[in-house]
Amino acid sequence: MKREIAEILEKALELPPEARAAIAGSLLESLDRTVDDDAESAWEQEVFLRLKELDEGKVQPVPWAELRRRLARK
């Protein structure tokens, strides 16, 4: 079984970043079967607020690579 897992991981790491992110998200979701409705609602509101701020030009997006560099410096 360990060899199969290593082969799957090796193949997954060859995928483009977007595909790897989708797989990672799906795997994480599969670990948490219970849903906190209040938390889901709060996240939904936060996402809509941030999208609105982007649409209105109140905030500017930062590329992930730049953000990662900033965080590494702290």
Side-chain angles (χ1 to χ4, degrees):
M1 184 76 157
K2 288 184 182 184
R3 176 180 282 177
E4 290 175 17
I5 293 170
E7 290 172 1
I8 291 170
L9 179 59
E10 184 179 327
K11 294 242 186 257
L13 291 173
E14 294 172 0
L15 295 170
E18 297 83 12
R20 292 194 319 263
I23 290 171
S26 295
L27 288 171
L28 287 172
E29 281 182 18
S30 75
L31 296 175
D32 190 9
R33 295 289 184 194
T34 59
V35 174
D36 181 335
D37 290 331
D38 292 333
E40 287 293 317
S41 177
W43 273 117
E44 185 176 304
Q45 290 175 7
E46 184 67 23
V47 168
F48 285 123
L49 172 66
R50 291 182 187 208
L51 287 173
K52 181 180 176 198
E53 290 175 337
L54 280 169
D55 290 342
E56 294 173 352
K58 292 181 180 178
V59 297
Q60 295 297 314
V62 177
W64 171 239
E66 182 181 333
L67 179 59
R68 193 172 29 203
R69 282 191 297 275
R70 289 183 192 178
L71 292 172
R73 281 183 261 175
K74 289 186 178 191

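Both backbone and side-chain heavy atoms feed into the values below; hydrogens, waters and symmetry mates do not. Index from 1, following the sequence.
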Checking salt bridge (charged side-chain N to carboxylate O under 4.0 Å, His left out) for the pair R70/E66: CA distance, chi angles, key distance, verdict?
CA-CA 6 Å; R70 289 183 192 178; E66 182 181 333; 2.4 Å; yes
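How far CG of L54 is from CG of L49: 10.0 Å, rounded to the nearest 0.5 Å.
Salt-bridge formation is detected for the pair R50/E46: a Lys NZ or Arg NE/NH1/NH2 atom is positioned less than 4.0 Å from an Asp or Glu carboxylate oxygen.
Taking 4.5 Å as the limit, some side-chain heavy atom of R69 sits within range of a side-chain heavy atom of R73.
The backbone N or O of D37 lies less than 3.5 Å from no partner atom in the side chain of S41, so there is not a single donor-acceptor pair.
No chain of hydrophobic side-chain contacts below 4.5 Å, direct or via other Ile, Leu, Val, Met, Phe, Trp or Tyr residues, connects W43 to L51. Cluster annotation: L71 is connected to V62 through the hydrophobic network of ILVMFWY side chains, with a link wherever side-chain heavy atoms come within less than 4.5 Å.
Test E14, E18, R20 against P16 for side chain to side chain contact (heavy atoms under 4.5 Å, CB included) and you get one pass: E18.
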